[in-house]
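As a basis for the values below, the full set of heavy atoms in this structure was taken, side chains included, without hydrogen atoms, waters or symmetry mates.
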Amino acid sequence: DGVIAFEPLTGLNAYAIAKKMIANVAKEIASNHKVEIVVKDDTIQTILKEKFNPAYGARNLERSIQQVVETVIAQKVLTGEAKAGSTVEV
């Protein structure tokens, strides 16, 4: 069994990964609920600032995106605030 060492993610790497993860979430929601998702740059920066830990890499980014982005969107879909054809800004 070999050991693979990874370099810690930089802030720029983490930002790019977060954007890609959020784009995947937005694509899935658009497909399932016909709702367009717009995630503000400030939201991504806040997630990175408050939740990102280079020691854990991208693993905690996924959890943070679920907590911040998916939860907000799910609440808006369930309450009817986000309907088919609407745009939700997070």
- [ ] Take Ile47 and Val69 through the side-chain contact (heavy atoms from CB on, under 4.5 Å) test and state the conclusion after the steps.
- [x] CA-CA 9 Å; Ile47 289 170; Val69 177; 4.1 Å; yes

- [ ] Output all residues satisfying side-chain hydrogen bond (donor to acceptor under 3.5 Å, both in side chains) with Thr79, sequence neighbours left out; order by chain, then residue number.
- [x] none

Mind listing the side-chain donor-acceptor pairs of residues 36-45 below 3.5 Å, one per line with the distance, residues two or more places apart or on another chain?
from: Glu36; atom 1: OE1; to: Thr87; atom 2: OG1; distance (Å): 3.3
from: Asp41; atom 1: OD1; to: Tyr15; atom 2: OH; distance (Å): 2.2
from: Thr43; atom 1: OG1; to: Val90; atom 2: O; distance (Å): 2.9

Open item on the list: I'd like to know if the side chain of Asn13 reaches the main chain of Thr10, judged simply by a donor and an acceptor atom lying under 3.5 Å from each other, with no hydrogens or angles considered.
Closed with: yes

Task: Pairs meeting criterion side chain to side chain donor-acceptor pair (under 3.5 Å) with involvement of residues 59-78, two or more places apart - done: Lys51-Gln67

Task: Side-chain heavy-atom pair Leu48, Leu61 within 4.5 angstrom cut-off - done: yes

Open item on the list: Could you check whether any side-chain heavy atom of Val35 comes within less than 4.5 Å of a side-chain heavy atom of Ser86, counting everything from C-beta outward?
Closed with: yes

Task: Heavy-atom closest pair, residues Ala58 and Ile17 - done: CB-CG2, 4.0 Å

